[in-house]
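Below: one structure, written as structure tokens.
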Amino acid sequence: MTTAALAGKAVIVTGASRGIGKALALGLARAGARIGIAARSEADLAQTAREIEALGAECVALTLDVTDGAAVGAAFAQFAERLGGLDALVNNAGVEQVCASLDVEEAVWDRIVDTNLKAPFFCAQAAARLMLKRGAPGAIVNIGSIASQFGIPTAVPYCASKHGVLGLTRALATEWAPLGLRVNAIGPGYFRTAMTDAFYEAPGWQAAMLPKIPAGRFGELDDLVGAAVFLCGDGARYVNGQILYVDGGLGAAL
Ligand code: NDP
């Protein structure tokens with residue numbers, strides 16, 4: 001008999017009301033984890049929770065704005081209490097707003113960088129404090145992007161934030177490895193979600209992008225699950241400070 005890869009583990013996924021975060025939360029639940037999910041949209045979050053529970057998995061859903069540091073601390077403490085511990089965090093919540101750099105206003109920069117970079121740091125800090133309090137090892141998985149590696153025009157705050165996520169990952173990994181915590185990242189290529197739908201709808205975008213992807217197709221949300229299960233689980237116990245690109249070979253080919 002095989003044991004589910006994440007049996008007995010409690011994992012928080014931020015931004016699990018839709019898109020990649022929802023797919024990861026469901027995939028981690030299928031791998032045996034108890035799941036805490038957070039996002040701002042209460043109804044969508046409740047729907048994710050229902051789908052997780054329909055798999056027979058335990059789920060705690062809390063509405064949360066990850067840019068509110070005090071609220072993050074309180075929510076994560078509640079997750080750990082209600083899930084009976086905390087073994088992993090998937091820092092997935094993120095935003096993007098396409099804008100020519102000459103027109104980017106400070107509020108746009110702040111919203112993107114606060115959500116994509118500052119919030120993952122303070123979520124990681126809140127999770128690490130809880131993991132260390134229990135004396136248990138823990139794993140943090142940050143969702144980066146191919147934009148952690150490449151510059152993309154009209155996406156400067158986003159690229160800066162996602163390059164920052166890679167720096168955050170590497171620096172925390174070096175600082176926290178001696179404490180028994182691992183910090184890694186996943187770098188998705190192109191996946192169709194609310195965030196990217198406008199690209200897919202733009203005339204010519206798919207036809208121009210597809211030939212650049214060696215796999216010959218765009219990503220499907222479940223393509224990301226294996227990487228998240230691996231990085232959250234004990235199979236990755238000696239993997240630290242890495243980014244695993246899940247992009248159909250796009251980054252290797254660019
Ligand atoms: P979506 O827009 O579909 O989902 C974003 C999620 O983040 C939602 O659940 C949203 O929930 C949540 N979120 C946004 N802001 C906040 C906030 N302040 N507090 C709490 N939750 C928040 O995007 P994707 O699923 O595509 O993106 C998920 C992650 O993957 C992001 O980090 C993104 O940068 C990254 N990524 C996506 C790629 C793609 O091709 N789609 C490629 C590379 C990386 P709510 O609005 O309910 O709060």
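Worth saying up front: this structure is predicted, and the values here are computed from it rather than measured. Read the numbers this way: they start at 1 and go in the same order the structure lists the ligands and their atoms. All residue numbers in this chain count up from 1 along the given sequence.
Ion pairing between a basic and an acidic side chain is recognised when a charged N comes within 4.0 Å of a carboxylate O; Arg217 and Asp223 show such pairing.
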Asp44/Ser17 under side-chain hydrogen bond (donor to acceptor under 3.5 Å, both in side chains): CA gap, chis, key distance, verdict:
CA-CA 5 Å; Asp44 291 342; Ser17 58; 5.1 Å; no
Assess whether side-chain hydrogen bond (donor to acceptor under 3.5 Å, both in side chains) is satisfied between Thr67 and Asp114, documenting all intermediate values.
CA-CA 6 Å; Thr67 64; Asp114 281 0; over 6 Å; no
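Judged as a salt bridge (Lys or Arg N to Asp or Glu O under 4.0 Å), and not counting sequence neighbours, Glu106 has no contacts. Not counting sequence neighbours, Phe150 has no partner by the ring-ring contact (aromatic ring centres under 6.0 Å, His included) test. Residues satisfying the salt bridge (Lys or Arg N to Asp or Glu O under 4.0 Å) criterion with Arg129, sequence neighbours excluded, are absent altogether.
Within 4.0 Å of ligand 1, the residues that place a heavy atom are Gly15, Ala16, Ser17, Arg18, Gly19, Ile20, Ala39, Arg40, Ser41, Leu64, Asp65, Val66, Asn92, Ala93, Gly94, Val95, Thr115, Ile143, Gly144, Ser145, Tyr158, Lys162, Pro188, Gly189, Tyr190, Phe191, Thr193, Ala194, Met195, Thr196, listed by chain and number.
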